[in-house]
Asker: 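Before we start, here is the structure in question, set down as structure tokens.
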Amino acid sequence: MQSTKYSRGRLAVSTPTAFDYLAVEEPEEEEEEESVEEQKPEPPAVVQPEPPVRRTNLPQPERPADIPHTGSSKGSQKRAAKAALRKQSQQSLERSQASNSGDDSSNAANAESGSSSSQANGLSHAKQAVLESRDVPTPSAFEKPIASRVPYVDLTSNEDVVRPSTLTDAPTVSVVPVDAPIPSLDIKITSSDVPNSSDKENERVKKLANALTRTLWTVVMISGFLGTLMAGHIFMIILVLACQTVAYREVTALFTLSKSDSVEEDTDGKDPWSKTLNWYFFAVTNYFLYGESIIYYFKHVVFADVLFLPFATNHRFISFTLYCIGFVGFVTSLKKQYLKQQFGLFCWVHMTLLVIVVSSHFIVNNILEGLIWFWVPASLVICNDIFAYVCGVTMGRTPLFKLSPKKTVEGFVGAFFCTLLFSLVWGTLFMRYNYMICPVHELGVTAFSNIQCKPNPVFVWRNWIVPSPLSAVSFPLVGKITSIPWVPYEFHLLAMACFASLVAPFGGFFASGFKRAFDIKDFGHSIPGHGGMTDRMDCQFLMGLFSYVYYSTMIRQHNVTVGSLLQSIVSGLTVAEQLELFGDLKHYLEGRGYRL
């Protein structure tokens, strides 16, 4: 096919309705401008570079002879084209009106005669192809769409323009600015938009490395915990103090995240309260709580030593005095620009002391009452956490709590029954060792020391006599059973297992809500792969507090000890009364045959 060249002043031909002929009419102002411009002498012709050639697959129609060919400027060519088009539109309108005046048969005859006459007038095959063509190609992304993609007619040639035979075939003529710039596509492609096959591999390697790190530090923590347990009571107390210190630092550090934006920075530097007085209150609280524990569990040492006697008798007053010093220091450190922050941190610190330090104090008391009251409850919490994960992964379908979306009802219930069975086996195993059940009297003992004590009655085995009818029924199955050994401690184990499974997990939910409130994943990075110390001790604080309350209410024996008598003598008797008591006691022992 003949390709069409694009040049200045070319026309785009399509086939819309007859109303488009009327739209071609220009306002009278333009005609006046044309007449004025025609009177002006034409400027000398300027040689312009040949425009780029654009090609189309449609045939090129011939130029009508009645359109004058001028070599004038671009504006003159446009005006000449518009005048010729107006003339053609008027002629087409007249022919359509004449053809519609007859009946249908005459219309058909006129149409055939018009068709034959148009062919006789010298229309070429290329002109007929333009009329019969209806499939106009869609403009590409780099061509500026005018009305549609249509064949172009060179107005500078002397060839005839194809005239439509009917009104519906009348073309719409538009001038196409050939020198219009071609729009460019500004597309930026970054490396993140390109799919990278190594991203999934890197994510898998990262998860595997995190799992290995978590497993490694789990083994390290368990090994270290068992080693500390065998080293003695004093090392276990130090471990608890270290854990509570790290947890206290992690929780108090969160207050800086909630600092109000309205607080203005001072030129004097940071507020000294946030770094000094909060740790002062931490030290004073530990002095009071652990001083009470030492006085209670080591009365026979404290009240028998002259150096510790003032400390033992005035401990509470000393503690209150130290707290008042800190309170006065807090008030004197108030600054106008930090008031909201300072009072907020004051409440924050006291809340943290109540939740972490006080709970840790009761955990230490459990250690001094016997390691089993610390070791077994802590193990039950760990066991429940492990079985909740296993049951949740294998059977979990129903979410349990919105704050912890990974927790499921199936995991929660499954962990409950697994913890009940585990508690009976685990507690019965460790209650056989005096090192675990004996209260502390000397801090230097270890797991290899020969410790002897009168065990608490809950650790004493008993036999339940099976009734004869029940024994006869069980004989065909398991043989004749006359008695079943049991120990009261097993019932207490079931009670602690229920708390560890049903209530202690809410300490973890509380911590999860706490972290979501501050939009953080972990409280810190103290333990690689596990987060902060608070993330591992959130349930242990609640479980330790319950164990102490349960033991002191249900199990502890309030017997009179040497330490309690000595405390009464020192704090309740004068020196003369103490000498009189000593003389009477010496006389009593000598009468029993003891020489002093």
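Numbering starts at 1 and runs along the sequence shown.
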Asker: Is there a donor-acceptor pair closer than 3.5 Å between any side-chain N or O of Asp535 and the backbone N or O of Gly532?
Answerer: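 At least one qualifying donor-acceptor pair exists.
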Asker: Throw together a table of side-chain donor-acceptor distances under 3.5 angstrom for residues 544-551, partners on residues two or more places apart or in other chains.
Answerer:
{"unit_1": "Ser547", "atom_1": "OG", "unit_2": "Met543", "atom_2": "O", "d": "2.9"}
{"unit_1": "Tyr550", "atom_1": "OH", "unit_2": "His492", "atom_2": "ND1", "d": "2.8"}
{"unit_1": "Tyr551", "atom_1": "OH", "unit_2": "Glu369", "atom_2": "OE1", "d": "2.9"}

Asker: Is a side-chain donor or acceptor of Ser501 paired with a backbone partner of Cys498 at a separation under 3.5 angstrom?
Answerer: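 No, the answer is negative, given that no donor and acceptor are paired below the 3.5 Å cut-off.
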Asker: Checking Glu577 side chain against Thr574 main chain: does a donor-acceptor pair fall under 3.5 Å?
Answerer: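 It does hold such a pair.
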Asker: Examine His315 together with Tyr287 and report whether their ring centres are nearer than 6.0 Å.
Answerer: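 Yes.
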Asker: On the 0 to 90° scale, with breaks at 30° and 60°, tag the Phe308-Phe311 ring pair as parallel, tilted or perpendicular.
Answerer: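 Ring orientation of Phe308 relative to Phe311: perpendicular.
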Asker: Just checking Tyr389: does its OH atom have more than 12 heavy atoms from other residues, nucleotides or ligands closer to it than 6.0 angstrom?
Answerer: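 Not more than 12 within 6.0 Å, no.
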Asker: Residues in salt bridge (charged side-chain N to carboxylate O under 4.0 Å, His left out) with Glu490, at least two apart?
Answerer: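 For Glu490 there are no salt bridge (charged side-chain N to carboxylate O under 4.0 Å, His left out) partners, ignoring immediate neighbours.
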Asker: Run the salt bridge (charged side-chain N to carboxylate O under 4.0 Å, His left out) test against Arg432 and tell me which residues pass, sequence neighbours left out.
Answerer: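 With neighbours one apart ignored, the set is empty.
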Asker: Do Tyr435 and His233 have ring centres separated by under 6.0 Å?
Answerer: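 That pair passes the under 6.0 Å test.
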Asker: Tabulate below the donor-acceptor pairs under 3.5 Å that side-chain atoms of residues 351-363 make, not counting sequence neighbours, or state none.
Answerer:
{"unit_1": "Thr352", "atom_1": "OG1", "unit_2": "Trp348", "atom_2": "O", "d": "2.8"}
{"unit_1": "Ser359", "atom_1": "OG", "unit_2": "Val355", "atom_2": "O", "d": "2.7"}
{"unit_1": "Ser360", "atom_1": "OG", "unit_2": "Gln244", "atom_2": "OE1", "d": "3.3"}
{"unit_1": "Ser360", "atom_1": "OG", "unit_2": "Ile356", "atom_2": "O", "d": "2.8"}
{"unit_1": "His361", "atom_1": "ND1", "unit_2": "Leu289", "atom_2": "O", "d": "3.4"}
{"unit_1": "His361", "atom_1": "ND1", "unit_2": "Ser293", "atom_2": "OG", "d": "3.3"}
{"unit_1": "His361", "atom_1": "NE2", "unit_2": "Asn365", "atom_2": "ND2", "d": "3.4"}

Asker: Go through the steps for Asp538 and Gln540 under the test side-chain hydrogen bond (donor to acceptor under 3.5 Å, both in side chains), then give the verdict.
Answerer: CA-CA 6 Å; Asp538 48 7; Gln540 296 290 352; over 6 Å; no
Asker: Holding to side-chain contact (heavy atoms from CB on, under 4.5 Å), I want the full list of residues that pass it with Pro485, two or more places apart in sequence or in another chain.
Answerer: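 Pro485 satisfies side-chain contact (heavy atoms from CB on, under 4.5 Å) with Trp461, Asn463 once adjacent residues are dropped.
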Asker: Please check if the distance between the ring centroids of Phe281 and Tyr323 is under 6.0 Å.
Answerer: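 Yes, the ring of Phe281 comes within the 6.0 Å limit of the ring of Tyr323, centre to centre.
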Asker: Got a sec: does the CH2 of Trp486 have more than 12 other heavy atoms crowding it under 6.0 Å?
Answerer: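 Above 12, so yes.
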Asker: Supply the atom-to-atom distance Thr534 OG1 to Ile527 CD1, rounded to the nearest 0.5 angstrom.
Answerer: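 Rounded to the nearest 0.5 Å, the OG1-CD1 separation comes out at 9.5 Å.
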Asker: Can a donor-acceptor pair be found, under 3.5 Å and without considering hydrogens, that links the side chain of Gln557 to the backbone of Pro457?
Answerer: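 No, because the side chain of Gln557 does not come within donor-acceptor range (under 3.5 Å) of the backbone of Pro457.
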Asker: Does the ring center of Phe510 lie less than 6.0 Å from the ring center of Phe506?
Answerer: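 No - the distance between ring centres of Phe510 and Phe506 does not fall below the 6.0 Å cut-off.
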Asker: Going by side-chain contact (heavy atoms from CB on, under 4.5 Å), name the residues that satisfy it together with Asp385, two or more places apart in sequence or in a different chain.
Answerer: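 Listed in chain order: Lys407.
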Asker: Classify the ring geometry of Trp426 against Phe422: parallel below 30°, tilted from 30° to 60°, perpendicular beyond 60°.
Answerer: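 Parallel: the ring planes of Trp426 and Phe422 meet at under 30°.
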Asker: Okay, side chain of Glu410, backbone of Arg397: is any donor-acceptor separation there less than 3.5 Å?
Answerer: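 Indeed, once roles are kept as given, a pair shorter than 3.5 Å links the two residues.
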Asker: Kindly check if the number of other-residue, nucleotide or ligand heavy atoms within 6.0 Å of CD (Glu442) is above 12?
Answerer: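 Check fails, neighbour count at 12 or below.
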Asker: For Phe514, does the CZ atom sit with more than 12 other heavy atoms under 6.0 Å from it, leaving out its own atoms?
Answerer: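 Atom CZ in Phe514 is packed in, count exceeds 12.
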Asker: Output, in order, the C-alpha distance, side-chain angles, deciding distance and verdict of disulfide bond (SG atoms under 2.5 Å apart) for Cys391 and Cys418.
Answerer: CA-CA 10 Å; Cys391 296; Cys418 293; 4.6 Å; no
Asker: More than 12 foreign heavy atoms under 6.0 Å from CZ of Arg316: is that the case here?
Answerer: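 Check fails, neighbour count at 12 or below.
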Asker: Which class fits the ring pair Phe459 and Tyr489: parallel under 30°, tilted 30 to 60°, perpendicular over 60°?
Answerer: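 Phe459 and Tyr489: tilted rings.
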Asker: Check whether any side-chain N or O of Ser449 sits under 3.5 Å from a backbone N or O of Thr446 as a donor-acceptor pair, and report yes or no.
Answerer: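 Side chain of Ser449 to backbone of Thr446: a pair is present.
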